[in-house]
Amino acid sequence: MNKYDPKQIEPKWQAIWEESNIYKADLESKKEKFFGFGMFNYPSGAGIHVGHVRNYTIPDVITRFKRQQGFATYQPVGWDSFGLPAENYAIKTGVSPQESTQKAIEKYQQQYRAMGWGVDWTKEIDTTDPNYYRWTQWIFAKLFENGFAYQKESAQWWCDKCKTVLADEQVINGKCWRHEGADDPLVSKRNLKQWFFKITDYADAILEATDGLNWTSSVKASQKSWIGKSVGAEVVFAVDGNDKNIEVFTTRPDTLFGATFLVLAPEHELVKNITTKDQEDTVEDYVVKSVIKTEVERQEAKYKTGVFTGSYAINPLNNEKIPIWIADYVLTGYGTGAIMAVPAHDERDYEFAKKYNLPIVEVISGGDTSKQAYMGSGKLINSAEFDSLDSKQAIEKITKWLEDRKIGKQKTNYKMRDWLISRQRYWGAPIPIIHCEDDGAVLVPESDLPVLLPEIEEYKPTGGNVSVLAGVEDWVNVACPKCGKMSKRETDTMDGYVCSSWYFLRYLNPHDDNQAWSPEVAKKWFPVDFYNGGAHATAHLLYARFFMRFFHQLGLVDTPEPFGKMVYNGLIRAADGSAFSKTLGNGMDPLEVIESGYGADALRLYEMFAAPVEQDVLWDIKGVPAMHRFLGRVWTFVQEYLSTKKGETESIDGLKVLQTTHKTIKKVTQDIESDKYNTAIAACMEALNTYNKYILDFGIQQSPEWKFAVESLLQILAPFAPHITEELWQQLGNTSSIHVDTWPKYDPQMIKDDVVTIVIQVNGKLRGEFVIETGASQESLEKKAIELNNQNNYTKDLEIIKTIVVPNRLVNFVVKQAG
RNA sequence: GCGCGGGUGGUGGAACUGGUAUACACGACAGACUUAAAAUCUGUUGCUCAUAGGGCUUGCGGGUUCGAGUCCCGCCCCGCGCACCA
């Protein structure tokens, strides 16, 4: 074989690797472990596109690197296969989700194999496999037994296209995350009895741990902003002439003297109670209008609106009567659904006060409240005994003052709510609950798990408040596990996020029928060493962290965090900057690139070379042939080596070869360790360019120096281009794989250059240069520079006031500026 | 508005703790090979004035320094995330 032909070598090695099980993880290994992978994929009918290639090549590179370094590595593979697309497809075509999912997975398997990703196929998982979701149901049971799963009737987002409720975080700009298009409807709210997981119990623990994570900073930032912690105080306001109290939440107790009115959300339970007779009609009218408006319309409103209730509250600090209003800019779901309005120091209250002519009282100095609200901190004024304190002290003192009188207390609020997990859809894991008239919600006993999803004929959702499963009578009707009375199964299924919040643990025991995972194995393999994804995946990561903490509390895992290192990788976008999407159909199939003759290695290399990992890349097919050419040069280089005779290289030349090689190994090793794949590849290219120049200069022979150069180049390139390097490795006469235990070591002694170029500057401007032995003394540098200055007159007869000498770098003459 | 990231040649991008800006690659141009083309190989390639040789250049304006893409201050622009969260 004389020409580089990926079509020949890639399938060949893929078959050999699979047969020889080189990527099969030995979970019992005594070696140091490395567990690395990208977020598992949802297998859609379209297959993966070149954007996905980046997501899985990154962990493949790092895991291969570690495998070569001698780690026990595990790069798992699995499918996040429950979800609406398969169900919607079933509704349209009648093909069951079971069948279409299976087909999609087969296509993905083919693509993954063709890319040469070194995953362990013997431990493949699929969330729709009853042997998998049995354990999803088991986790539900654990949560239920420990009080972390509960049912509650509440108003929830409803997507009219999906015919199901959605979690808050699945609503994007007022639309369903699956239906974000211009023609798609806004979500609305429906009152339903739903299942929730109590993630809020862990809000603080998750938040606290976030800063310490070795994760991409933007991902950490969005974790924190979703939790949305704010510390403040709850303050009780008495209603004037009424025995009711109104509680408000504020982060600025220091501004309490500036509270000139209260505002309740229109849905607030006390609205009816405190509205006076003469305001009844106005208030009623406003409430009705607000409720009809969708939440989205309310949030998009340009101007604040509201009405006076007719009642007054007493500001507990100064006993002033302040009016109580209702307005829809106050949200019912956050805090207490009521606020104290401090127009002088809050933009929103300021706008409202201006509009309705409510008093604005400045209590914090530092701004100009005649022009705008001053939101900063400062010294208190108009605040009686608290005057002249600064905001920070005042917050403490006023909170204490309220606490002493039992009319307020310190309080922390979170934007994060409990996790709504029920879905009124078919294609999900059934919730293992039986509703009994006498015993209420009863868990399906563990011995009866899994609760199998029954096969059905008609997938179309009822459109009502229950899933199609409600119509499967012989499935729904079942005896109560407690009392035996005929009862009904829960017909909602679980949100797909439930399945994807623990899959990383199942990777360890995919075939175990007795447990979800083995705590002993998990102890060795967790946390995950490298995790990545092409999205911030805020919800997924929060849920996974919640589950892990819960398992940790039960003693089922050893670490409270699932992912040690997490990297957000940028997206591959279409040439016009738009994201690849199934609807646009603008994503290229990697198989197309491979079949065109460039090969998977070139595609992998291109995507790793194009930009730093965290940055977006515009897809440019021209980059692939460029990498193919480079690999062709590597091929030729090795052929050239093989075609020469055994011999010796002159020691002075051999040293050059060695130095280049050691330097390159060092650079590539360090770059891969710090996720700088683009410069690692550039270093390989540079090395090859240098070797080719050496060949022109002094030739190549099968000497120890050139052998080391050729072998090392293949070894350091192997994580990026596994097929060609394996092929050439074998051509060099090796019988075992290049991918196991082969990472070359560099000798620090060999990376030092003998000579170094020193730059001569005048006032920092480049004037000349000379070459001198590495490590030459400052005196000799200066002497040489002065000598050259005398010859070339860099300083133009100006007076030298100072000479800066930086060893191994430069000599800078500082001169008096002329004129 | 808040948070996170960014702005460097025609293009994607390099640059260690401040020390030769533009590595590597694409594209372009020229040459070799060829009847010719493709492929391959070699060379040139930031802009600019030009005679040796200068001048200018990392979004803009200042500052610190012998020396700034890198540090400090003030802006502008782009991407992503969050957003009436009190």
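Proteins get letters first, then strands, A, B, ... in listed order; numbering begins at 1 in each. Model, not experiment: these values are computed from the prediction. These values consider heavy atoms only, across backbone and side chains, with no hydrogens, waters or symmetry-generated copies.
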* Please determine if a side-chain N or O atom of A:Lys676 lies less than 4.0 Å away from the OP1 or OP2 oxygen of B:A15. =>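 It does, given that an N or O in the side chain of A:Lys676 lies less than 4.0 Å from OP1 or OP2 of B:A15.
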* Lys/Arg N to Asp/Glu carboxylate O, A:Asp671 vs A:Lys667, below 4.0 Å -> yes
Which nucleotide in the list [options] gets nearest to the side chain of [X]?
X	options	value
A:His536	B:A14, B:C80, B:G12	B:C80
A:Thr679	B:A86, B:A15, B:G13	B:A15
A:Ala221	B:C84, B:G13, B:C4	B:C4

How would you label the contact of [X] with the nucleic acid (heavy atoms, under 4.0 Å): base, sugar-phosphate, or nothing?
X	result
A:Lys411	nothing
A:Ser230	sugar-phosphate
A:Asn413	nothing
A:Lys220	nothing
A:Val263	nothing

Can you give me the N/O atom pairs linking the protein to nucleotides 66-68 of chain B at distances under 3.5 Å, or say none if there are none?
residue, atom, partner, partner atom, Å
B:C66, O2', A:Asn812, ND2, 3.4
B:C66, O2, A:Asn812, ND2, 2.5

* Asked: Side-chain contact, heavy-atom cut-off 4.5 Å: A:Ser377 with A:Lys392?
  -> no
* To do: Determine whether A:Trp215 and A:Gln223 make a side-chain contact, defined as any pair of heavy atoms from C-beta on separated by less than 4.5 Å.
  => yes
* Please walk me through it: do A:Phe637 and A:Tyr641 pass ring-ring contact (aromatic ring centres under 6.0 Å, His included)? -> CA-CA 6 Å; A:Phe637 173 57; A:Tyr641 168 79; 7.7 Å; no
* To do: Rounded off to whole Å, could you give me the CD-to-P distance for the A:Glu769 and B:G19 pair?
  =>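 Computing the A:Glu769:CD to B:G19:P distance gives 18 Å.
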* Given atom OH of A:Tyr568 and atom P of B:G6, what is their separation to the nearest angstrom? -> 13 Å
* With no hydrogens and no angle check, do the side chains of A:Tyr746 and A:Ser712 hold a donor and an acceptor under 3.5 Å apart? -> no
* Looking at the angle O4'-C1'-N9-C4 for a purine or O4'-C1'-N1-C2 for a pyrimidine, is B:G9 syn or anti, with syn meaning within 90° of 0? ->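 B:G9: syn.
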Check: protein-nucleotides 25-28 of chain B nitrogen or oxygen pairs below 3.5 Å:
residue, atom, partner, partner atom, Å
B:A25, OP1, A:Asn689, ND2, 3.1
B:C26, OP1, A:Arg629, NH2, 3.0

* To do: In whole angstrom, give me the gap between the C1' atoms of B:A14 and B:A23.
  =>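 Comparing C1' positions in B:A14 and B:A23 gives a spacing of 5 Å.
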